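What follows is a short report on a single structure.
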Amino acid sequence: MLLAELARVSAEVAAVRARSAKVALLAGLFRDAEPGEGPLVVPYLAGRLPQRRTGLGWSTLRDPPAPAGTPSLTVAEVDAALTAIAAVAGKGAQAERKRRVDALLARATEEEQRFLLRLIGGELRQGALDALAAEGLAAATGATPDAVRRAVMLGGSLGAVARALLADGPAALEAFRLHVGRPVQPMLAQTAKDVDDGLDRLGPCAVEEKLDGIRVQVHRDGAEVRVWTRTLDDITDRLPELTAVARELPVTSAVLDGEVIALDAAGRPHPFQDVAGRVGTRSGAQGGLPLSPVFFDALAVDGRDLLGLSTADRHTELARVVPEPLRVRRLVAADPADAETRAAARAFAADVLRRGHEGVVLKALDAPYTAGRRGASWLKVKPVHTLDLVVLAAERGHGRRTGRLSNLHLGARRPDGSFAMLGKTFKGLTDAMLEWQTRRLGELAVYDDGWVVTVRPELVVEIAYDGLQRSTRYPAGVALRFARVVRYREDKRAEDADTVETVLTSAAGARIRPAGENPVGENPVGENPVGENPVGEEPVGEEPVGEGPATENPTSPDPTAEGPTPQNPAAGNPAAEREPPA
DNA sequence: TTCCGACAGTGGGGTCGCAAT
DNA sequence: ATTGCGACCCCACTATCGGAA
């Protein structure tokens with residue numbers, strides 16, 4: 001099959017709005033694919049490459065060569081080229097990858113280039129990804145969408161399912177079952193406002209502690225143990241202590257769902273950053289931070305598939321094979337209408353937070369394990385903190401936000417009237433707010449580098465966030481985690497905004513030591529006010545982001561915005577960008 | 001007719017490994 | 001030795017479609 005056909009259908013899919021129309025277009029293409037092409041054509045139209053990593057990013061994909069006049073590339077040729085590129089390593093690798101991808105792109109027409117660049121860059125933006133591709137595959141082969149989705153979740157890749165379906169029809173899906181040694185998509189949770197909200201929505205449920213670490217799916221088969229992350233990356237080699245623990249369990253085989261965290265001598269959890277660093281270290285298991293696995297679900301035990309069992313029954317199995325300290329703490333709220341039960345659930349959640357963990361997850365007792373779905377039967381509850389911060393700058397949006405100012409740079413007040421940037425956010429904004437802030441920030445603009453619009457620091461915005469994390473990027477040595485906009489506070493002036501000191505001494509900051517700050521005994525930063533860390537001594541030697549109300553230095557925009565970033569491929573090349581806001 | 005579940009899109013900060021400088 | 005890039009860990013939220021109620 002020619003790449004041109006895929007590029008054409010992708011453009012058509014992007015051009016229609018209705019999902020049913022997108023699915024119909026995808027199905028039309030998939031019907032024409034040979035079984036052998038299915039593992040390429042279907043994932044491509046889902047915005048996925050079979051090569052998990054290619055080493056190609058915005059840097060190697062910018063300024064592509066002139067396109068070809070007529071289509072000639074086949075899908076198989078594209079795949080072969082990308083496989084070869086993924087295998088390039090060693091000295092000169094980047095240049096070699098660039099040379100090879102340019103050779104590929106030179107054989108592509110303009111429309112094919114647009115498709116390939118988006119596909120490889122991971123931003124297909126056609127309004128259809130995995131779910132709609134699976135539906136299209138179902139429509140093309142006569143299978144039910146549910147059966148296709150289930151096969152993909154259990155059997156791994158969309159490509160493998162496509163090959164089987166195109167070759168043998170719907171009956172082929174029977175072969176895709178939970179299999180020890182082959183990871184399944186983990187079940188995900190939605191968010192509840194608080195414990196009471198969760199209890200109201202779920203009815204009888206378990207309340208489990210939510211640990212802030214790395215999600216792991218552990219497969220044990222005899223002496224063989226393998227460990228996968230949430231996105232099904234195999235990290236077995238990085239977690240020898242987990243392998244050892246799994247081998248001790250009194251089972252012949254099992255598939256367990258859990259989280260790895262790190263505990264200090266007092267049993268309190270280390271920050272997420274430390275756990276992520278340890279798990280990310282390939283060879284650093286020796287001498288690194290010791291990790292503790294904590295399991296909360298069992299998907300299979302001794303050859304029995306437990307996915308269809310209720311949460312309650314799966315937990316019975318889990319408790320049978322995993323001893324107490326390796327199991328998540330939980331409380332069963334069998335009758336959430338009962339006032340005492342609700343009080344106990346709230347008290348349990350409060351205790352989890354006191355012990356330094358992230359929050360709780362409420363799980364409906366009668367729900368099966370729905371692989372890959374962010375179903376409503378698991379609800380997470382985490383405390384939310386808020387601050388009133390000042391908008392220092394805004395970045396131009398991409399995609400559907402093109403032409404609007406989107407990503408806000410957020411600052412907290414410093415004693416001298418300047419502002420310390422604590423991070424950015426684009427979340428929580430409605431279209432109306434985007435429209436409004438684009439106009440309002442335009443009025444406050446003092447400098448525009450084509451990508452980042454620096455403004456007079458006057459606009460106050462209420463920001464919700466989950467906590468603070470160490471940062472070497474931002475001047476206060478901390479950054480907000482998961483910041484999102486709640487509302488604009490036009491009733492407040494910049495002088496009313498929260499201060500850096502307030503942020504650092506808040507509950508969210510009490511356990512974080514800003515990067516670059518000298519360790520002072522065991523003092524948490526909350527007892528080490530910023531007054532002892534004079535303004536001006538920035539950990540990374542950067543200029544303050546804003547110069548207070550009298551910003552008179554338009555040539556010194558936000559230091560974090562100089563040069564491109566992986567998230568903003570064109571940040572350093574505004575000329576190559578879309579048209580500016582109208 | 002209205003409501004709501006599922007999906008796609010829009011990006012956030014930090015960390016590591018590896019190659020380039 | 002430091003910097004840049006790619007990949008992957010954690011993730012919140014809104015708009016939209018289309019089936020359920």
Side-chain angles (χ1 to χ4, degrees), chain A residues 17-23 46-47 52-61 88-97 121-132 134-135 145 149 188 190-191 212-216 229-233 235 238 259-260 271-284 358 373-376 380 382 384 395 397-402 404 406-410 422-434 464-474 478-486 515 560 563-569 572:
Chain A
R17 295 182 58 146
R19 286 178 189 174
S20 48
K22 291 178 192 284
V23 169
R52 233 196 129 101
R53 51 175 66 197
T54 58
L56 297 171
W58 66 271
S59 172
T60 28
L61 296 175
V88 173
K91 204 166 145 68
Q94 184 138 1
E96 177 62 9
R97 280 195 293 261
E123 297 185 313
L124 202 51
R125 287 181 173 144
Q126 61 179 14
L129 294 172
D130 281 9
L132 295 204
E135 263 193 66
R149 184 159 43 224
L188 306 173
Q190 292 182 7
T191 304
D212 194 11
I214 306 289
R215 181 88 176 257
V216 286
T229 64
R230 187 164 100 71
T231 53
L232 309 189
D233 243 27
I235 54 167
R238 301 182 221 168
E259 190 95 0
V260 287
F272 168 78
Q273 281 169 298
D274 297 340
V275 180
R278 163 64 171 81
V279 173
T281 306
R282 271 156 220 285
S283 54
E358 192 180 15
R373 313 299 290 275
R374 195 173 285 282
K380 56 184 161 186
K382 297 186 285 185
V384 175
E395 298 174 14
H398 292 86
R400 71 183 299 280
R401 292 192 177 187
T402 300
R404 296 213 172 90
S406 173
N407 200 3
L408 303 173
H409 295 199
L410 306 169
L422 293 176
K424 310 179 189 179
T425 187
F426 55 90
K427 298 171 186 168
L429 297 161
T430 63
D431 285 0
M433 290 163 82
L434 279 165
Y465 65 108
D466 276 21
L468 296 179
Q469 48 193 345
R470 287 191 312 265
S471 175
T472 54
R473 172 183 310 225
Y474 292 114
V478 297
L480 303 179
R481 192 175 183 199
F482 310 140
R484 59 269 191 188
V485 173
V486 178
T560 65
T565 68
Q567 286 75 32
N568 283 327

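Every value quoted in this text rests on a predicted model; they were computed, and no experiment measured them. So that the names make sense, note that chain A is the first sequence line, chain B the second, and so on, each numbered from 1. No hydrogens, no waters, no symmetry mates; every other heavy atom, side chains included, goes into these values.
The side chain of A/R400 contributes no N or O atom lying less than 4.0 Å from OP1 or OP2 of B/dA8. Not one side-chain nitrogen or oxygen of A/W58 sits closer than 4.0 Å to the OP1 or OP2 atom of C/dC5. An OP1 or OP2 oxygen of B/dG11 is reached within less than 4.0 angstrom by a side-chain nitrogen or oxygen of A/H398. Residue A/R215 has no polar side-chain atom (N or O) positioned under 4.0 Å from OP1 or OP2 of C/dC9. Using a 4.0 Å cut-off, no side-chain N or O of A/K22 falls inside it from OP1 or OP2 of B/dC7. Using a 4.0 Å cut-off, no side-chain N or O of A/T425 falls inside it from OP1 or OP2 of C/dA12. OP1 or OP2 of C/dC13 sits under 4.0 Å from a side-chain N or O of A/R484. Between C/dA7 and A/T54, a contact under 4.0 Å exists linking OP1 or OP2 to a side-chain N or O. Between A/N407 and B/dT10 there is no side-chain N or O to OP1 or OP2 distance below 4.0 Å. Dashed line: the shortest gap from a side-chain N or O of A/Q273 to OP1 or OP2 of B/dT15 is under 4.0 Å.
Residue A/R53 is the one, among A/R53 and A/T191, whose nearest nucleotide of DNA chain C lies closer to the 5' end (criterion: closest heavy atom). For A/E358 and A/S20, each mapped to the nucleotide of DNA chain C holding its nearest heavy atom, the one lying further toward the 5' end belongs to A/E358. Taking for each of A/A131 and A/F272 the nucleotide of DNA chain B with the nearest heavy atom, the 5'-most of the two is the partner of A/A131. Toward the 5' end of DNA chain B, the nearer of the two residues A/A276 and A/A128, judged by each one's closest nucleotide, is A/A128.
Among the protein residues, A/E96 comes within range of no part of the nucleic acid, since none of its heavy atoms lies under 4.0 Å from any strand. Within 4.0 Å (heavy atoms only), A/T430 reaches sugar-phosphate atoms of the nucleic acid but no base atom. At a threshold of 4.0 angstrom between heavy atoms, the contacts of A/D212 with the nucleic acid are absent. Using a 4.0 Å heavy-atom criterion, one finds that A/A483 contacts no nucleic acid atom at all. Residue A/K382 is in sugar-phosphate contact alone, with no base atom involved, counting any heavy-atom pair closer than 4.0 Å across all strands shown.
Side-chain contact, A/T60 with A/R97: no donor N or O sits under 3.5 Å from an acceptor N or O. A/E123 and A/H398 share no donor-acceptor pair across their side chains, judged by distance under 3.5 Å alone.
In the set C/dA12, C/dC17, C/dC10, C/dC17 carries the atom at the smallest distance from any side-chain atom of A/A18. Among B/dA20, C/dC10, B/dG14, the nucleotide with an atom closest to any side-chain atom of A/K91 is B/dA20. When each of B/dT10, B/dG14, B/dA6 is scored by its nearest atom to the side-chain atoms of A/R473, the top-ranked nucleotide is B/dG14. For A/R17, the listed nucleotide lying nearest its side chain is C/dC17; candidates were C/dC10, C/dC17, B/dG9. The side chain of A/S471 sits closest to B/dG14 out of B/dG14, B/dA8, B/dA6. Looking at the side chain of A/T281, the nearest of the listed nucleotides B/dC7, B/dG17, B/dA19 is B/dG17.
Across all non-hydrogen atoms, the minimal contact from A/E395 to A/H409 is OE2-NE2, 2.7 Å.
For A/A18, the side chain to side chain contact (heavy atoms under 4.5 Å, CB included) criterion is met by A/S20, A/A21, not counting sequence neighbours.
For A/K427 and C/dC13, the NZ to C1' distance is 8 Å, given to the nearest whole Å. The distance from atom CZ of A/R470 to atom P of C/dC10 is 17 Å, rounded to the nearest whole Å. A/Q126 places its CD atom 16 Å from the C1' atom of C/dC17, with the value rounded to the nearest Å. As rounded to whole Å, 18 Å separates atom P of C/dG6 from atom CZ of A/R52. Distance CG (A/L188) to P (B/dA8): 14 Å, rounded to an integer number of Å. Rounded to whole angstrom, the span from the NZ atom of A/K424 across to the C1' atom of C/dC13 amounts to 18 Å. We find that CZ of A/R282 is positioned 17 Å from P of B/dT15, with the value rounded to whole Å. A/L408 has its CG atom 14 Å from the C1' atom of C/dA12, to the nearest Å.
The partner of B/dT2, taking Watson-Crick or G-U wobble pairs whose two distances both stay under 3.5 Å, is C/dA20.
Annotation: side chain of A/Q190 is not in contact with side chain of A/K380 (no heavy-atom distance under 4.5 Å). Put simply, the side chain of A/Q126 does not reach to within 4.5 Å of the side chain of A/K22, judged on heavy atoms.
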Show the numbers, then the answer: is there a side-chain contact (heavy atoms from CB on, under 4.5 Å) between A/R230 and A/V216? CA-CA 6 Å; A/R230 187 164 100 71; A/V216 286; over 6 Å; no
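A donor-acceptor pair is defined here as one N or O able to donate and one able to accept, closer than 3.5 Å; no such pair exists between the side chain of A/E135 and the backbone of A/V23.
Applying the 3.5 Å distance criterion, the base of C/dT16 shares a donor-acceptor pair with the side chain of A/R19.
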